[in-house]
**Student:** 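Below: one structure in C-alpha cells.
Protein chains get the first letters and strands the later ones, always in sequence-line order, with residue 1 at the start of each. Note that the structure is a prediction, hence the values are computed from the model and not measured.
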2 protein chains.
Amino acid sequence: MPPSKKQHLISCARRLFESEGFHTTGIDRILEEAGVAKMTLYNNFGSKDMLIVAVLNDTSQDMLNRLSASVTHINDPYEQILGIFDALAQWHDSDDFCGCMFQAAVAEFPDPESEPAKAAQSHLLRLTELFYGLCIRAELDDARTLSSMLAMIASGANCTARQIRTDLPAKHARQIAEILLERACSRPLSSSTIAN
Amino acid sequence: MPPSKKQHLISCARRLFESEGFHTTGIDRILEEAGVAKMTLYNNFGSKDMLIVAVLNDTSQDMLNRLSASVTHINDPYEQILGIFDALAQWHDSDDFCGCMFQAAVAEFPDPESEPAKAAQSHLLRLTELFYGLCIRAELDDARTLSSMLAMIASGANCTARQIRTDLPAKHARQIAEILLERACSRPLSSSTIAN
DNA sequence: GGTAGAATAGACCAACCTGTCTGTTTATTT
DNA sequence: AAATAAACAGACAGGTTGGTCTATTCTACC
C-alpha cells in the first residue's frame, strides 16, 4: 500500500532499532510492527544484518539531509556551522530522541569489518565532510582539523545527551564551536598541526 | 587460586565485554575463559545483568583511579586537566583499546531505568566530578559549566577514537580544552550561563 | 581427621532467535 | 480473463541463550 514495502519496512525497523537496540529487537517484532510477512523481509534484504545496514544508510542520508536543510536559509556560512548545532539541540530536545543510532551500531557490532560497523563509520565521514564544506565556504583556517574537531564535538554532544536527556550538551557544543570558529578566523589552531 | 574467584570472573568478563560487546558475549564464553563453573557465577552475581553491572562499576573505579593517578605528579591543576587528555590519548593509542565500555553499555541497554544503564550514567557523573574538582583547584571561572564541557569533549574523543582508531581525537580534544581553560582564566564562558 | 562451605562438571529446560519452506491469496499486466 | 509476480500466514528447523538442578569433589578450619 505505501510507496514501497521496502521503505516501509526500513522506517519501522528504524524506529524499533532506535528505541530498543539492534540485538534486542527480534525480526518478529519488526514484522509485527510493519504488518509484513517474513518472506517479504528476506526477499528484500536477505538477512537481518543487511536490513540493519539498509536502515543505517537510510538514516544517515535522512539525517544529513535534515541538517543541511536546517541551515540553507542562513546566508553566512559561519552562522551555518553554528546552525548545525542548533539543529542538534532541537533534535536532542525532541521527545523521541533516544541517542545516536550510529554510536549504538559501533557498540553493538564491535568488529570494524562488519557491514553495520562500516555503515556507521561512513556516516561519521559524511558528517565531517559536511562540516568541511561549510568551513571552506566560511574561508576558515585549517579547515581539515577544524571540521574534525567539530564532528568530534557533535559526537560528544550526542552521546552525552543520550545520558542526561536535555539539549544542554548541544548548547555547550555550540558555545565551544563558536570559540573555535572565532579563533579560526584569524590565526591557525595550532602551530604544529598534526597531519591528517 | 587468585585472590577471589569473584574478581577473576569480573576481569575476564570485562575483557570479553570490551572486545565483543555485552549481548554477543554469552555466559558460556565467559565461564570457559575464566575456567569457572556456571554455578559460581550465579552464586556470586545472581544474573548476567548483575555481572555486567559489577563489571561496569569495577571498570569505572579502575579507570578513574588511573586517570587521577596519571596526573598526581603534576603540580599545576591547570596542567593536570590537560594531563587527563594526555592519558586519554595514551589509552586510545594502546593496542587493546576498543572503545569506551560505558558508551557501549548505554547503547546496548537503551532503557535508562535498567541497572547497566544506571551504572554507565553514574560513571559519566563521576568523570564530570573529577574535572570539576580540578577546575575548582585551578580557580577557574564557571567550573560547573566548564567541567561539563570537558567531560563532553572527552566523550566525543572516546567515541571518535573507536571509529578512526588513532589518538588524534584525544589530541584535538586536548587542544580544545586548552583553549577553554585559557578563556576561563579571565572571563566567564557565557554571559547567560544555563542552570545546571 | 572429620565436617561445613564453596567450587566443580555437566545434564537439562524453556524460551527465543534467525532463517527456510510451502501453499494460498492478492495485484498487476497484457 | 489469463498469466505473472509479489505478498501473505504460518508451520518448521536448528541453534543459542540465560538460568536451574544435582551429585560429586575440593579446601579449609577446628
**Student:** Output every pair passing side-chain hydrogen bond (donor to acceptor under 3.5 Å, both in side chains) with a member in residues 86-98 of chain A, not counting sequence neighbours, ordered by first then second residue.
**Tutor:** A:D86-A:R174, A:H92-A:N158, A:S94-A:D96
**Student:** Does a salt bridge link B:D28 with B:K38, judged by any charged N lying under 4.0 Å from a carboxylate O?
**Tutor:** yes
**Student:** Quick one: side-chain hydrogen bond (donor to acceptor under 3.5 Å, both in side chains) pairs with a partner in residues 159-168 of chain A, sequence neighbours left out?
**Tutor:** A:D167-A:K171
**Student:** Within the distance-only criterion (no hydrogens, no angle test), does the side chain of B:S19 pair as donor or acceptor with the backbone N or O of B:R15 below 3.5 angstrom?
**Tutor:** yes
**Student:** Side chains of residues 101-113 of chain A: which donor-acceptor partners sit under 3.5 Å, not counting sequence neighbours?
**Tutor:**
residue, atom, partner, partner atom, Å
A:Q103, NE2, A:S155, O, 3.1
A:E108, OE1, A:H23, N, 3.1
A:E108, OE2, A:F22, N, 2.9
A:D111, OD1, A:E113, N, 2.9

**Student:** Taking any atom closer than 4.0 angstrom to a non-hydrogen atom of chain B, what span of DNA chain D does the protein reach, first nucleotide to last?
**Tutor:** D:dG18 to D:dT22
**Student:** What's the spacing between B:L181 CG and B:D141 CG if we round to 0.5 Å?
**Tutor:** 11.5 Å
**Student:** Walk along nucleotides 10-20 of chain C from 5' to 3' and tag each nucleotide B, S or - by protein heavy-atom contact under 4.0 Å, base first, then sugar-phosphate.
**Tutor:** --------BBB
**Student:** Judged by modelled atom types alone, do A:S68 and A:N65 share a side-chain donor-acceptor pair under 3.5 Å?
**Tutor:** no
**Student:** Could you tell me how far apart B:L41 (CG) and C:dA6 (C1') are, to the nearest whole angstrom?
**Tutor:** 15 Å
**Student:** Which residue pairs pass the salt bridge (Lys or Arg N to Asp or Glu O under 4.0 Å) test with at least one member in residues 58-79 of chain B, sequence neighbours excluded?
**Tutor:** B:R14-B:D62, B:D62-B:R66
